[in-house]
Amino acid sequence: MADRLARLRRRADLALAERVGAVRVLWRRSMQLRVVLSTVAMSTVVVLVLGLVLQTQIADRLLQGKQQAALVQADISRLNLERDLARVDPDRDGTQTTLDDALDRLTSSGSGSDRDAGAFEAVLVAGTEAIGTPGAAGDPEAIDPSSGPADVVPPQLRDPVLKGFLATKYVTVAQAGRPDVPALVVGQPVRTAGRNLQLYLIFPLSAEQRTLALIQSTLALAGLALLGLLAAISSIVTRQVVRPVRQAADVAERFADGHLDERMPVYGDDEVARLAESYNEMAASIQQQIHQLEEFGGLQRRFTSDVSHELRTPLTTVRMAAEVLHAQAEDMDLVARRSAQLLVDELDRFESLLADLLEISRLDAGMAELALEQVDVRDVVRRSAETVRHLVDETATPLLLDLTEPAVAEVDPRRVERILRNLLANAIDHGESRPVEVRVAADEHAVAVVVRDHGVGLKPGEAGLVFNRFWRADPSRQRRSGGTGLGLAISLEDARLQGGWLQAWGETDHGAVFRLTLPRVHGALLRTSPLPLIPVSAAPAEAEPGIHEAAGTTGTALPPPETGEFPVAVPDDRDDRDDRDDPGEDPR
């Protein structure tokens, strides 16, 4: 039973949280709702304050009018009693009978003009003690005589009356079987032939109470109606402002999606119309500039493609001549032999440059195609390592491969191999013959390859520039790989084309790290990488030059320490937002 109640409570909390979340989303997204609710809230406060002020003023006026009319009625009643009792001595003629007769004449002789204060009850009291207490003589049976509902008269009102003053007081009169009724009691002395009597007139305020209740209900209904009208008016007014803004947002979204002919409708000459005209002028200017840039880009791509194709023919002719010269190099002197070798090397570099230019032009034109296959990325890494073996042997660089984890993914193996070949060549070229580490890892969603060198590294800010075309960290540095300056730029485009990331990190004299992350299923969205980008271990022990495949050769897969800060990695700007959850990167 307790588990069932706990489940029901969790469901209720979940439903409440969903409702609250939906309300918050609606509050954030709807300016019209915020304006209407804010207007209603502020109007409610104003209406409540005005209602309280009006109610207080009306109640004060009613009580003032009632009190003035009661005082007039009390004065008239006092004069009538003094005229009737001018020759009567209550102590001699019988106090109780005298009081009853006088009270009967008072209540039955009033005229219409005497009843402006409304219905009332009269009380006549003789004596100087509190009503209902023994008389001054001390005789328990001698109680001050009175006529009328004397128990309603409060003791605080009798003291000033006994001293000869007129006094008023508001009291609550209890009625049998009915709610208590507020009343106004007016007391004053009445002169007779003997001693003075005390006259108290009790005016019920039930009519004023009903009037005030009617006024309260009327004010409440009027306030509710006013709030409804204000909500409707604010909704209509806000809609007139919000509707053009929503239309502008829709037009802007369609314009951003590539519909460059979208424009805002213009109505009238007000501020919204001027906004629409300004937006349309801006859209037309942007459309024109985009068309110009597209034309310029198309011309540039065609120029690059045409030049590359046109250079193929003379390049082939020059290569044939260079190969003839190179074949006869043994019969030449040292200078001619060296020139023939340089000619062949530069022709190879020139041919690579033309191939890279053609590839860049195809990527820029969006003509690149993928040949997806289910492959083990470790095999691609091995093939890429074999293609740079000549650089490994030439520079005596240890190339350490950690390929212990299976990493099957749906990728284009040709493009992945080209990416890894460029990364390995770049690491060997800048590694200062120190070990270059390669690690492959995979999780449920992604495959990652990390290439780390321990060479000159990168200066602050250069990690975001290494993928720029023809960019070099140190132009005076001698390159062994004969790169064209387009390898990393092409690699970045190859990674993006497959929905992956290519990111870089580096520190001066601490080497650099390049990480390639690809989804295991083409088209899946990447959120994290199986390997961290920023390393936490020192360089590995010295190893023999050559390609070595062994487990645990790299420290880039180690988890980051719980404390301490790392240098900030500069990932690919387009995918930075999706890689912020990588446990190996500084979340800043």
Side-chain angles (χ1 to χ4, degrees), residues 341 345 348-349 352 356 377-404 407 416-441 448-459 462-463 466-467 471-488 490-491 502-516 531-558:
Q341 184 63 43
D345 292 342
D348 291 338
R349 185 171 180 271
S352 299
D356 289 346
V377 178
R378 296 179 298 175
D379 297 334
V380 182
V381 173
R382 292 188 183 98
R383 292 198 301 269
S384 303
E386 289 298 327
T387 60
V388 296
R389 180 178 288 275
H390 66 286
L391 294 176
V392 172
D393 297 337
E394 180 183 348
T395 59
T397 299
L399 181 57
L400 310 178
L401 307 180
D402 183 0
L403 308 177
T404 56
V416 175
E417 184 177 346
R418 181 165 60 189
I419 295 172
L420 296 176
R421 183 171 64 249
N422 288 326
L423 296 182
L424 290 173
N426 183 75
I428 294 171
D429 191 53
H430 295 85
E432 302 291 332
S433 298
R434 298 170 185 170
V436 174
E437 307 168 75
V438 181
R439 178 176 171 81
V440 178
V449 181
V450 168
V451 178
R452 179 185 179 187
D453 67 73
H454 300 275
V456 296
L458 296 172
K459 297 178 182 178
E462 291 183 347
V466 294
F467 300 108
W471 183 85
R472 293 181 64 181
D474 186 2
S476 63
R477 178 181 175 81
Q478 180 183 3
R479 298 178 61 93
R480 297 184 179 90
S481 61
T484 62
L486 295 174
L488 291 180
I490 295 175
S491 299
L502 183 57
Q503 299 162 296
W505 170 89
E507 269 193 342
T508 305
D509 298 329
H510 288 83
V513 177
F514 287 84
R515 182 181 65 182
L516 172 65
L531 292 176
L533 177 63
I534 303 177
V536 295
S537 68
E542 294 296 332
E544 292 295 328
I547 301 176
H548 306 281
E549 185 172 335
T553 59
T554 179
T556 54
L558 296 178

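Bear in mind the structure is a predicted one, so any value in this text is a computation, not a measurement. Residues: numbered from 1 along the sequence shown.
- Residues that satisfy the side-chain hydrogen bond (donor to acceptor under 3.5 Å, both in side chains) test with Asp379, not counting sequence neighbours, are Arg382.
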Step-by-step side chain to side chain contact (heavy atoms under 4.5 Å, CB included) determination, Arg515 to Val449 | CA-CA 6 Å; Arg515 182 181 65 182; Val449 181; over 6 Å; no
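- Judged purely by distance below 3.5 Å, without hydrogens or angles, the side chains of His454 and Glu437 pair a donor atom with an acceptor atom.
- Looking at residues two or more places apart in sequence or on another chain, you find a side-chain contact (heavy atoms from CB on, under 4.5 Å) between Ala512 and Asp453, Leu458, Phe514.
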Does the side chain to side chain contact (heavy atoms under 4.5 Å, CB included) test come out yes or no for Asn426 and Val466, once each step is laid out?
-> CA-CA 11 Å; Asn426 183 75; Val466 294; over 6 Å; no
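- Contact check on Arg389 versus Glu386 returns a salt bridge, with a Lys/Arg side-chain nitrogen under 4.0 Å from an Asp/Glu carboxylate oxygen.
- Proximity of Val513 to Val451: side-chain heavy atoms (C-beta onward) are nowhere separated by under 4.5 Å.
- Here the side chain of Ser384 pairs no donor or acceptor atom with the backbone of Leu420 at under 3.5 angstrom.
- No side-chain donor-acceptor contact under 3.5 Å links Arg452 to the backbone of Val438.
- When the side-chain hydrogen bond (donor to acceptor under 3.5 Å, both in side chains) test is applied to Asn422, the partners found at least two apart in sequence or on another chain are Ser491.
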Step by step, work out the side chain to side chain contact (heavy atoms under 4.5 Å, CB included) result for Val440 and Asp402.
-> CA-CA 7 Å; Val440 178; Asp402 183 0; over 6 Å; no
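- Residues Val456 and Glu432 approach most closely at CG1-OE2, 3.3 Å, considering heavy atoms.
- Looking only at side-chain heavy atoms (C-beta outward), Ile428 and Val388 come within less than 4.5 Å of each other.
- Residue Arg434 comes nearest to Gly455 through the heavy atom pair NH1-O, 3.9 Å, listed as atom of the first residue, atom of the second, then distance.
- Nearest approach of Leu488 to Leu502, heavy atoms of both residues: O-CD2, 4.5 Å.
- Judged by distance alone, the side chain of Arg439 and the main-chain N or O of Val450 form no donor-acceptor pair under 3.5 Å.
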